[in-house]
Amino acid sequence: MKILVTGFDPFGGESINPAYEVVKRLKDNIAGAEIIKLQIPTAFNKSTEIIVKNIEEINPDYVLSIGQAGGRFDITVERIAINIDDARIPDNLNQQPIDKKIDENGESAYFATIPVKEIVNSINSKNIPASISNSAGTYVCNHVMYSILNYAHKNDLNIQSGFIHIPFLFEQVMNKKNTPAMDLDSMITAIETAIEVIIFQKKA
């Protein structure tokens, strides 16, 4: 089994993005599955172009994307992605789409095809706070989640995918009073736990 795990580069004035910091530290093999790690730019179309290229090259069973959600307290597993780009700030290529459909001919929304509730429960069992999120936003994270689910649907691919948001790292909130954060080791454990749930569901 192959699992493609993606994480974004820094954006929004940050010097670090916990998403790729977590991804690059994941084990190369989890419960017998090969973990393929990929950094993607925080850019609307370029991010998905790179993921699709890798899907075509490696034919993964799953695509799991990780993103930073600064201000959230816990690990949040996204349930749904919507067909809209509405950027509060420009992306790293200075693109700022407003009220623009991701795919003019696409479905209005897609549900994640990873086991969302099971992942949340398993992360919580490790004493790491996690919850289901019903909004992946309208920035690049939602764009990636929607685009990959849409790509799999339109091409009738047997690839399941989903998206997990993680909080800021402690070092990112030193000058952000009353902003929640989490340590890197807990984030790594949470994502590896999510991957284990995905693998064992597939084997069941």
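Keep in mind it's a predicted model, so treat the numbers as computed, not measured. Heads up: numbering here begins at 1 and tracks the sequence.
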Backbone N/O of [Y] and side chain of [X]: donor-acceptor pair under 3.5 Å:
{"X": "D61", "Y": "K2", "value": "yes"}
{"X": "T42", "Y": "D9", "value": "yes"}
{"X": "T113", "Y": "Q160", "value": "no"}
{"X": "N155", "Y": "L157", "value": "no"}
{"X": "D91", "Y": "Y139", "value": "no"}
{"X": "N142", "Y": "I82", "value": "yes"}
{"X": "S133", "Y": "V77", "value": "no"}
{"X": "K46", "Y": "P41", "value": "no"}
{"X": "N83", "Y": "A109", "value": "no"}
{"X": "E78", "Y": "A136", "value": "yes"}

Spacing of [atom1] belonging to [X] relative to [atom2] belonging to [Y], to within rounding of 0.5 Å:
{"X": "I36", "Y": "L4", "atom1": "CD1", "atom2": "CG", "answer": "6.0 Å"}
{"X": "I50", "Y": "I55", "atom1": "CD1", "atom2": "CD1", "answer": "12.5 Å"}
{"X": "N29", "Y": "E34", "atom1": "CG", "atom2": "CD", "answer": "8.0 Å"}
{"X": "N59", "Y": "I159", "atom1": "CG", "atom2": "CD1", "answer": "6.0 Å"}
{"X": "E192", "Y": "M187", "atom1": "CD", "atom2": "CE", "answer": "14.0 Å"}
{"X": "T189", "Y": "L26", "atom1": "OG1", "atom2": "CG", "answer": "10.0 Å"}

| query | So, is the end of the K176 side chain (NZ or CZ) under 6.0 Å from the ring centre of F168 and within 45° of the ring's axis? | reply | yes
So that I can tick it off, tell me whether D103 and K154 are bridged by a salt bridge, with the cut-off set at under 4.0 angstrom between side-chain N and carboxylate O.
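Between D103 and K154 there is a salt bridge, with a charged N closer than 4.0 Å to a carboxylate O.
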- Is the closest basic N to carboxylate O distance between K53 and E57 below 4.0 Å? yes
message = Check for me whether the distance between the ring centres of Y151 and H153 falls short of 6.0 Å.
response = no
is_close_aromatic(Y146, Y110), centroid dist under 6.0 Å:
yes
Output, in order, the C-alpha distance, side-chain angles, deciding distance and verdict of side chain to side chain contact (heavy atoms under 4.5 Å, CB included) for M1 and I199.
-> CA-CA 8 Å; M1 184 188 302; I199 292 165; 3.9 Å; yes
What pair of heavy atoms forms the shortest contact from [X] to [Y], and how long is it?
{"X": "Y62", "Y": "Q201", "result": "OH-NE2, 3.0 Å"}
{"X": "S65", "Y": "V144", "result": "OG-CG1, 3.6 Å"}
{"X": "I123", "Y": "A130", "result": "CG2-CB, 3.6 Å"}
{"X": "I198", "Y": "P115", "result": "CG1-CD, 4.1 Å"}
{"X": "N17", "Y": "A19", "result": "OD1-N, 2.9 Å"}
{"X": "R72", "Y": "P180", "result": "O-CG, 3.5 Å"}

**Q.** Under 3.5 Å side-chain donor-acceptor pair for D183 and S186
**A.**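 There is such a pair between these side chains.
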message = If we count only N and O atoms by modelled type, under 3.5 Å, do the side chains of K126 and T193 hold a donor and an acceptor together?
response =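 The answer is yes; a qualifying pair exists.
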Group every Ile, Leu, Val, Met, Phe, Trp and Tyr by side-chain heavy-atom contacts under 4.5 Å, then state whether [X] and [Y] land in the same group.
{"X": "I114", "Y": "L38", "result": "no"}
{"X": "I148", "Y": "I58", "result": "yes"}
{"X": "I30", "Y": "I166", "result": "yes"}
{"X": "M145", "Y": "V63", "result": "yes"}
{"X": "I66", "Y": "I51", "result": "no"}

I want to check something: taking the side chain as every heavy atom from C-beta on, are [X] and [Y] in contact at a cut-off of under 4.5 Å?
{"X": "Q39", "Y": "V23", "result": "no"}
{"X": "L169", "Y": "M182", "result": "no"}
{"X": "L184", "Y": "P18", "result": "no"}
{"X": "T76", "Y": "P167", "result": "no"}
{"X": "L64", "Y": "I164", "result": "yes"}
{"X": "E21", "Y": "I16", "result": "yes"}
{"X": "K117", "Y": "I132", "result": "yes"}

**Message:** So, applying side-chain hydrogen bond (donor to acceptor under 3.5 Å, both in side chains) with Q68, which one of Q172, H165, E14 is it?
**Reply:**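 One option only clears the test, and that one is Q172.
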Checklist entry - Can you tell me if CZ on F111 sees more than 12 non-hydrogen neighbours from other groups inside 6.0 Å? => result no
Inset, instruction - Take D28 and K37 through the test side chain to side chain contact (heavy atoms under 4.5 Å, CB included) and record every step on the way to the result. - result: CA-CA 8 Å; D28 294 326; K37 308 164 192 179; 2.9 Å; yes
